[in-house]
Amino acid sequence: SGELMILEQFCPWADHFFTLEAEENVEKPIKYVLFADSSSTWRVRAVPINSGSFDSRLPLPEPWRGVRDEQLDALTGIPGGIFVHATGFIGGHKTKDGALAMARAALAHSQ
């Protein structure tokens, strides 16, 4: 869809993201960045509307927010969920494929 960016290893992406997006003339704004965290689980991070903002372009779906583990799995239909923050700016999954499925489901949910 062009709305996801996957980082195979964590790097401090946020500081450079908006500059690169502008330089590359990205037509369809990226909504989520996926990356492995320090414990080798995966994160789905909603891209902020601009550098330094606490508001996201597309927060993770409201019904998922503040939900963890098996309850999250039941809501998303994606086994292995860890959490979604109460504001929807970030979520976690046990695997890369699961994080990708969460991001895709969040995009579909917004349609």
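Treat the numbers as computed from the prediction; the structure is a model and nothing was measured. Residue numbers start at 1 and run along the sequence shown.
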Which residues share a side chain to side chain contact (heavy atoms under 4.5 Å, CB included) with Ser39, sequence neighbours left out:
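Listed in chain order: Asp37, Thr41.
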Please name the pair of heavy atoms, one in [X] and one in [Y], separated by the smallest distance, quoted to 0.1 Å.
X: Ile49; Y: Arg57; value: CG2-N, 3.7 Å
X: Trp64; Y: Ala106; value: CH2-N, 3.8 Å
X: Pro59; Y: Thr87; value: CB-O, 4.0 Å
X: Ile78; Y: Ala105; value: CD1-CB, 4.2 Å
X: Trp13; Y: Leu7; value: CD1-CD1, 3.7 Å
X: Ser53; Y: Pro48; value: O-CB, 3.6 Å

[atom2] on [Y] to [atom1] on [X], rounded to 0.5 Å:
X: Met5; Y: Phe35; atom1: CE; atom2: CZ; result: 10.0 Å
X: Asp73; Y: Lys94; atom1: CG; atom2: NZ; result: 7.0 Å
X: Glu3; Y: Lys28; atom1: CD; atom2: NZ; result: 4.0 Å
X: Phe89; Y: Leu58; atom1: CZ; atom2: CG; result: 15.0 Å
X: Glu21; Y: Ile30; atom1: CD; atom2: CD1; result: 5.5 Å
X: Ile82; Y: Arg43; atom1: CD1; atom2: CZ; result: 5.5 Å

Contacts of type ring-ring contact (aromatic ring centres under 6.0 Å, His included), residue Phe18, not counting sequence neighbours:
none
Should the heavy atoms of other residues, nucleotides or ligands under 6.0 Å from CZ of Arg104 be counted, would the total exceed 12?
no
Look only at the side chain of His93 and the backbone of Ala101, and say whether a donor-acceptor pair between them is shorter than 3.5 Å.
no
I'd like to know if the side chain of Arg45 reaches the main chain of Tyr32, judged simply by a donor and an acceptor atom lying under 3.5 Å from each other, with no hydrogens or angles considered.
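No, because the side chain of Arg45 does not come within donor-acceptor range (under 3.5 Å) of the backbone of Tyr32.
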Tell me, do Leu107 and Leu4 make a side-chain contact under 4.5 Å, heavy atoms counted?
yes
